[in-house]
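Beneath this line is the structure, given in structure tokens, with notes to follow.
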There are 2 protein chains.
Amino acid sequence: MEQLLELVRAHGGRVTTPRRAILSSLLELGSHVTAEELAEHVQERHPDIHLSTVYRTLDTLAKLEVIDHVHVGHGRAVFHMADETHHHVSCRRCGAVLEVPDSLFAELARQLEDDHAFALDHGHFALSGVCRRCRPG
Amino acid sequence: MEQLLELVRAHGGRVTTPRRAILSSLLELGSHVTAEELAEHVQERHPDIHLSTVYRTLDTLAKLEVIDHVHVGHGRAVFHMADETHHHVSCRRCGAVLEVPDSLFAELARQLEDDHAFALDHGHFALSGVCRRCRPG
DNA sequence: TTCCGTGCAAACAATTTGCAATAGA
DNA sequence: TCTATTGCAAATTGTTTGCACGGAA
């Protein structure tokens, strides 16, 4: 936590009450939070911290590569710590999200690299499919 | 074209001028059109066909599994004929889209199936990464 | 003191929806 | 006729932005 705040400061940013609160909630809630879920949690203690401030802080942290955001399903993005590199697959029916180790994508990444000089990201978008429970039959 | 319209009719739908026009433009423009691009093309001949009608028609065609939509990058979705099954990877910097044969995903799909009983879709979401031209260095 | 960061309200983009009028089957 | 479909405007959702004030460095 303090290290991360120090990183913000090192890049000319300021350590403010909202930033402390948001980062703290982010660490407490763990992975895969939406901005809105995060804002709600923050607002339990600091009711006046605005959703737009949450978005701006998430943006700042993303630029410092502290967090990543992943698009899973239609609209909302979820955020997680950048050090957890895994891919996501989500069920198109129920929305459940499965975390998949990077290693499963290694071969695919190698082929994209070899054939197209394309460097695959660590799961910036979730793949979609149908999970066990929603599978027909 | 006529077969597809017949399919609409077979499911209790009606074949209307807007639907003809939209389907025709869709076939003419080929893959990876956004709803807005499609609407613009349709409106060259039928200026009064509304964007929302395009969305509704795309929706209808998607339910009949005539087309698929793919989310590539931030906002907009692109549509393509359902019989073209390939995956997409898109460059996070420049937005370029690469079509990738399903076969590259076969091993991944098999492992998701074996390990999680998860049935991977044909590229409902594009993977993201950095393309050759945008690659640093 | 100097800007960065904040709250707020308003803007935004992409898509969806309610409704009354219209037109296929 | 009867109900699916349309145009239009307005609502929704998720996120971003302009602005004047307040607070870190």
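Chain identifiers are assigned alphabetically (A, B, ...) following the order of the sequence lines, protein sequences preceding nucleic acid strands; residue numbering begins at 1 within each chain.
- Sorted by residue number, the members of residues 2-11 of chain B with any non-hydrogen atom under 4.0 Å from DNA chain C read B:Arg9.
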Given the rule in the side chain to side chain contact (heavy atoms under 4.5 Å, CB included) test, do A:Thr57 and A:Leu26 qualify, once you have shown the distances and angles that lead to the verdict?
CA-CA 11 Å; A:Thr57 299; A:Leu26 193 55; over 6 Å; no
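- Evaluation of the salt bridge (charged side-chain N to carboxylate O under 4.0 Å, His left out) test over residues 109-129 of chain A, restricted to residues two or more places apart or in two chains, returns A:Glu107-A:Arg110, A:Arg110-A:Asp114, A:Glu113-B:Arg135, A:Asp121-B:Arg92.
- Take the nearest nucleotide of DNA chain D for B:Arg14 and for A:Phe79: the residue whose nucleotide is more 5' is B:Arg14.
- Shown here are the ring-ring contact (aromatic ring centres under 6.0 Å, His included) partners of A:Phe125, two or more places apart in sequence or in another chain: A:His71.
- Using modelled atom types and a 3.5 Å distance limit, the side chains of A:His122 and A:Asp102 yield a donor-acceptor pair.
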Let me see the working for B:Phe118 and A:Val130 under side chain to side chain contact (heavy atoms under 4.5 Å, CB included), right down to the final yes or no.
CA-CA 6 Å; B:Phe118 189 96; A:Val130 180; over 6 Å; no
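- In this structure, B:Glu36 places its CD atom where only 12 or fewer heavy-atom neighbours from other residues, nucleotides or ligands lie under 6.0 Å away.
- Proximity of A:Ile67 to A:His80: side-chain heavy atoms (C-beta onward) are nowhere separated by under 4.5 Å.
- In this structure, B:Phe105 and B:His87 have parallel ring planes: the angle between them is below the 30° cut-off, well short of the 60° mark.
- Evaluation of the side chain to side chain contact (heavy atoms under 4.5 Å, CB included) rule for B:Val78 yields B:His32, B:Thr34, B:Val70, B:Val72 as partners, not counting sequence neighbours.
- Remark: B:His41 engages no residue in a ring-ring contact (aromatic ring centres under 6.0 Å, His included) (not counting sequence neighbours).
- In terms of heavy-atom proximity, B:Thr53 sits nearest to B:Pro18 at CG2-CB, 4.0 Å.
- Chain B approaches DNA chain D within less than 4.0 angstrom (heavy atoms of the protein), and the contacting nucleotides run 5' to 3' from D:dT3 to D:dC8.
- Heavy-atom contacts of chain A under 4.0 Å fall on DNA chain C between two terminal nucleotides, which in 5' to 3' order are C:dC3 to C:dC8.
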Run A:Leu27 and A:Met81 through side chain to side chain contact (heavy atoms under 4.5 Å, CB included) and show every step you take.
CA-CA 8 Å; A:Leu27 291 168; A:Met81 293 292 137; 3.8 Å; yes
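- Within residues 50-58 of chain A, the residues that place at least one heavy atom under 4.0 Å from DNA chain C are, in residue-number order, A:His50, A:Ser52, A:Thr53, A:Arg56.
- Within residues 35-49 of chain A, the residues approached by DNA chain C to less than 4.0 Å at the level of any non-hydrogen atom are A:Asp48, A:Ile49, in residue-number order.
- Between B:His69 and B:Leu58, the closest side-chain pair of non-hydrogen atoms is not below 4.5 Å.
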If you apply the rule side chain to side chain contact (heavy atoms under 4.5 Å, CB included), what do you find for A:Arg133 with A:Cys94, and how did you get there?
CA-CA 9 Å; A:Arg133 295 171 53 181; A:Cys94 71; over 6 Å; no
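- Within the 4.5 Å cutoff, no side-chain heavy atoms of A:Val100 are placed close to those of A:His88.
- Listed by first then second residue, pairs satisfying salt bridge (charged side-chain N to carboxylate O under 4.0 Å, His left out) with a partner in residues 57-66 of chain A read A:Asp59-A:Lys63, not counting sequence neighbours.
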Which pairs would a plain distance check flag for residues 6-17 of chain B, meaning a side-chain donor or acceptor within less than 3.5 Å of a matching protein atom at least two apart in sequence or in another chain?
| from | atom 1 | to | atom 2 | distance (Å) |
| --- | --- | --- | --- | --- |
| B:Thr16 | OG1 | B:Arg19 | N | 3.3 |

In dot-bracket, 5' to 3', how would DNA chain D read with Watson-Crick or G-U wobble pairs under 3.5 Å, [ ] for crossing ones and | for pairs to another strand?
||||||||||.||.|||||||||||
